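Please read the structure below before turning to the comments.
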Amino acid sequence: MSDKHITTFYDEISKVLEGDHKIVLEPNRKLTEEWIEYDPVKWELEEPIQKIVDNLKKDKILNFEEKILEVYKFIALNYIYDDNVLFFFRKDLSDPNNVKYIAVDWYGRIIDERWKENRKKHNRRVCYEFARFYAKAINELLEGNKNCEAFMLGDKENTHYVVGLSGDEYSAILDVDDFNAIKDLTRLKLGLTIQGIRILRDNSKKLQNAVDKFNKGKLNELAEVEEAKIKLKEKDIIQYFNSVVNILKSYRIDSQGFMEYMKAIVENEEIEVEKIWKEIKGGTEKRYVRCLIFDFENKTYLIDSIEQILSEINKENLDNKLFVFNPEENEYPYYGG
């Protein structure tokens with residue numbers, strides 16, 4: 001590993017990203033800049049990812065850039081985002097002019113053996129976990145090549161983490177679960193293009209060519225959704241939304257993917273949405289999923305991410321033991337892992 005790749009990358013992201021960021025490394029490095037943080041947890045690959053990395057090491061056909069996209073695809077197709085973490089975010093009102101949301105350390109960041117064992121029981125992960133094991137996978141695929149390195153990039157508030165990739169030929173940000181868009185975790189399950197890779201520098205075009213090759217023949221939007229938009233949007237927008245609900249339901253995507261896709265569809269019509277949390281009943285731990293509420297033509301609608309339905313509602317009649325509007329204003333104990 002070369003420290004110069006890390007310092008070069010930090011200079012690059014400082015010019016293009018807003019806010020304060022930090023780079024997170026595995027323990028036992030000698031970099032001491034104030035924007036460096038060392039992960040207290042040893043980076044390890046979960047068994048399914050270790051298996052694909054070991055197989056890719058043996059592959060003599062794919063180049064390195066194609067191999068790291070194969071891991072990216074594997075993560076997107078086999079894992080889902082654990083939005084339960086967002087339920088436990090806290091709202092910091094100490095500065096009225098800068099209200100912030102703060103992540104809790106014990107959900108995916110500072111973990112123990114019990115956490116690891118519990119995580120083996122399902123495929124839900126948070127951004128810190130994705131970034132931790134994706135960076136580890138990329139570095140294993142390098143097999144000692146010191147011309148490139150992967151590490152974690154996060155904001156100072158600990159609200160989101162991605163993978164930074166920096167080397168002699170290119171640098172990039174790889175974000176499989178972009179907070180502000182339909183995540184590639186969802187997009188790739190639907191057969192759509194990768195959109196979570198931001199290339200900062202690529203003189204050789206090796207990384208860009210790999211992304212272009214991966215995206216070739218794929219659509220940016222589901223053809224069924226485009227067809228529904230043409231047929232229904234101008235006639236009956238609620239019917240259009242219902243059509244998209246049914247299309248997504250047919251793909252059997254997870255509740256988080258369903259929510260973020262519907263949020264994008266509704267907001268694209270300049271309709272404001274409100275998030276509401278719904279508890280999943282019957283599990284071994286307390287779990288909450290984000291649903292959506294919006295007003296249209298003097299009516300209120302609920303997009304239920306668990307049931308994957310759109311229905312007209314009266315907000316006052318919602319079961320307050322099942323739905324929570326502002327969890328960040330309270331403190332909740334966490335159950336499970």
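It should be emphasised that the depicted structure is a prediction, and the values quoted were computed from it without experimental measurement. Positions are given from 1, in the same order as the sequence printed here. All heavy atoms count here, side chains included; hydrogens, waters and symmetry mates do not.
Atom-to-atom distance recorded for L310:CG and S243:OG is 11.5 Å, nearest 0.5 angstrom. Summarising the geometry, atom CD1 belonging to I271 is positioned 12.0 Å from atom CG belonging to L292; distances are rounded to the nearest 0.5 Å. Between the OG1 atom of T193 and the NZ atom of K218 there is a distance of 9.0 Å, given to the nearest 0.5 Å. Here the CD1-CD1 distance, from I80 to I75, works out to 14.5 Å after rounding to the nearest 0.5 Å. For the atom pair CG (L141) and CG (L56), the distance works out to 6.0 Å, reported to the nearest 0.5 Å. Rounded to the nearest 0.5 Å, atoms CZ (R109) and SG (C127) are 9.5 Å apart.
In this structure a side-chain-to-backbone donor-acceptor pair under 3.5 Å is present from K189 to A76. Side-chain atoms of Y134 come within 3.5 Å of backbone N or O of I68 as a donor-acceptor pair. Panel note: side chain D184, backbone G196; a donor-acceptor pair is recorded below 3.5 Å. A donor-acceptor distance shorter than 3.5 angstrom exists from the side chain of S166 to the backbone of H5, with no hydrogens or angles considered. Judged purely by atom type and a 3.5 angstrom limit, R124 has no side-chain atom pairing as donor or acceptor with the backbone of N84. Judged by distance alone, the side chain of N268 and the main-chain N or O of A264 form no donor-acceptor pair under 3.5 Å. Side chain of Q239 to main chain of D236: no donor-acceptor pair is present (N/O by atom type, distance under 3.5 Å, no hydrogens or angles). Of the possible donor and acceptor atoms, one in the side chain of N123 sits under 3.5 Å from a partner among the backbone N and O of N78. The backbone N or O of L192 lies less than 3.5 Å from no partner atom in the side chain of R187, so there is not a single donor-acceptor pair. For the pair D175 (side chain) and V162 (backbone), a donor-acceptor distance under 3.5 Å is absent.
No side-chain donor-acceptor contact under 3.5 Å links D82 and H122. With no hydrogens or angles considered, a side-chain donor-acceptor pair links N158 and K22 at under 3.5 Å. Side-chain N/O atoms of D212 and Q208 include a donor and acceptor closer than 3.5 Å. A side-chain N or O of E140 and one of Q50 form a donor-acceptor pair less than 3.5 Å apart. For the residue pair N145/N147, the side-chain donor-acceptor check at 3.5 Å is satisfied. A donor-acceptor contact under 3.5 angstrom links the side chains of E260 and T186, judged on distance only. Using modelled atom types and a 3.5 Å distance limit, the side chains of S305 and R290 yield no donor-acceptor pair. For K121 and N118, the side-chain atoms include at least one donor-acceptor pair closer than 3.5 Å.
Taking the six-membered ring wherever Trp is involved, the centroid distance between the rings of F294 and F241 falls below 6.0 Å. Taking the six-membered ring for Trp and the full ring otherwise, the centers of W277 and F323 sit at least 6.0 Å from each other.
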May I have the step-by-step check of side-chain contact (heavy atoms from CB on, under 4.5 Å) for I253 and L190, ending in yes or no?
CA-CA 8 Å; I253 61 172; L190 297 173; 3.6 Å; yes
Test log, rule side-chain contact (heavy atoms from CB on, under 4.5 Å), inputs L69 and L62:
CA-CA 10 Å; L69 292 186; L62 299 177; over 6 Å; no
What verdict does the side-chain hydrogen bond (donor to acceptor under 3.5 Å, both in side chains) test give for D178 and H160, after you've listed the backbone C-alpha separation in whole Å, the side-chain angles of each residue and the deciding distance to 0.1 Å?
CA-CA 9 Å; D178 184 355; H160 192 47; 5.3 Å; no
For K278 and E307, what are the C-alpha separation, side-chain angles and deciding distance, and is it a side-chain contact (heavy atoms from CB on, under 4.5 Å)?
CA-CA 11 Å; K278 183 179 181 182; E307 302 296 332; 3.9 Å; yes
Step by step, would you call L165 with Y170 a side-chain contact (heavy atoms from CB on, under 4.5 Å)?
CA-CA 8 Å; L165 180 62; Y170 48 72; 3.9 Å; yes
Could you please spell out the steps behind the ring-ring contact (aromatic ring centres under 6.0 Å, His included) verdict for Y79 and F133?
CA-CA 12 Å; Y79 290 86; F133 57 58; 5.5 Å; yes
List the steps and the verdict of ring-ring contact (aromatic ring centres under 6.0 Å, His included) for F9 and F151.
CA-CA 10 Å; F9 182 83; F151 36 80; 5.1 Å; yes
Are R132 and E129 close enough, and set up right, to give a salt bridge (charged side-chain N to carboxylate O under 4.0 Å, His left out), and what steps lead you there?
CA-CA 5 Å; R132 181 187 274 148; E129 292 170 295; 5.9 Å; no
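Counted within 6.0 Å of NZ on K116, heavy atoms from surrounding residues, nucleotides or ligands total more than 12; the atom is thus considered enclosed. Under a cut-off of 6.0 angstrom, the local environment of CD in E272 is sparse, with at most 12 non-hydrogen atoms contributed by other residues, nucleotides or ligands.
The salt bridge (charged side-chain N to carboxylate O under 4.0 Å, His left out) test with E46 singles out one residue from R125, K51, K120, R119, and that residue is R125.
A cation-pi geometry, defined here as NZ or CZ lying under 6.0 Å from the six-membered ring centre and within 45° of its normal, does not hold between K229 and Y240. Under a cutoff of 6.0 Å and an axis angle of 45°, K216 and F214 do not form a cation-pi pair.
Between I6 and R29 the shortest side-chain heavy-atom distance falls below 4.5 Å.
Contact check on E44 versus K136 returns no salt bridge, with no Lys/Arg side-chain nitrogen under 4.0 Å from an Asp/Glu carboxylate oxygen.
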